[in-house]
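Beneath this line is the structure, given in structure tokens, with notes to follow.
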Amino acid sequence: MEFSNNQAIYIQIAEFISDKIQSGELKDNEKIPSVRELAVELEVNPNTVMRAYEMLQQQDIVFTKRGMGFFVQVHSSDKIKSVRKQHFLKEELPEFFKKIKLLGIDFKEIETYYLNTINSESGN
């Protein structure tokens, strides 16, 4: 994982774990990597990973089992999707609309790019 300078590392780690949950790589009630394991894997301080896990716990994405570690909360993928969707609609989409207006791009052109992207991702 490569970290961006635009966002705190612990937030990027939380996003990384959220991506794994949303993609189905980590499933409901499944144990996630320990703080130490993930810190070694990502080459970061364990305190940074712990901060990310605490953030996910506050968001009800993961939970702890005493002495066993952190686990994926049931329906957390749906929670992540809902939060990300609201963020996209309220924060990113208005910026997108502003840019397409300034650049004079019409919706037909956007639709073409969208369909090409979706088709190439599905292997068609």
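Numbering of residues begins at 1 and proceeds along the displayed sequence.
- Residue-environment remark: NZ (Lys31) exceeds the threshold of 12 foreign heavy atoms within 6.0 Å.
- In this structure, Glu43 places its CD atom where only 12 or fewer heavy-atom neighbours from other residues, nucleotides or ligands lie under 6.0 Å away.
- Within the 4.5 Å cutoff, side-chain heavy atoms of Glu121 are placed close to those of Thr117.
- Side chains of Ser76 and Asp60 form no contact here, defined as non-hydrogen atoms less than 4.5 Å apart.
- Residue Glu91 comes nearest to Glu95 through the heavy atom pair O-CG, 3.8 Å, listed as atom of the first residue, atom of the second, then distance.
- Between Ala52 and Ala14 the shortest heavy-atom distance is CB-N, 3.9 Å.
- Scanning both residues, Ser77 and Gln22, for their nearest heavy atoms gives OG-CA, 3.6 Å.
- Between Tyr10 and Thr48, some side-chain heavy-atom pair lies under the 4.5 Å cut-off.
- Hydrophobic cluster membership of Val72, counting Ile, Leu, Val, Met, Phe, Trp and Tyr whose side-chain heavy atoms lie under 4.5 Å apart directly or via other members: Met1, Phe3, Ile9, Ile13, Phe16, Ile17, Ile21, Leu26, Ile32, Val35, Leu38, Leu42, Val44, Val49, Met50, Tyr53, Leu56, Ile61, Val62, Phe70, Ile80.
- Taking Ile, Leu, Val, Met, Phe, Trp and Tyr as members and joining any whose side-chain heavy atoms lie under 4.5 Å apart, directly or through other members, the hydrophobic cluster of Leu89 also contains Phe88, Leu93, Phe96, Phe97, Ile100, Leu103, Ile105, Phe107, Ile110.
- Ion pair Lys108/Glu111 flagged as a salt bridge, since at least one NZ, NE, NH1 or NH2 atom sits closer than 4.0 Å to an Asp/Glu carboxylate oxygen.
- Of the possible polar contacts, none joining the Ser82 side chain to the Asp78 backbone as a donor-acceptor pair under 3.5 Å is found.
- Within a 6.0 Å radius of NE2 in His87, more than 12 heavy atoms belonging to other residues, nucleotides or ligands are found.
- Closest approach of Ser18 and Arg84 over heavy atoms only: CB-NH2, 3.4 Å.
- Contact detail for Gln12 and Glu2: the closest heavy-atom pair is OE1-O, 4.2 Å.
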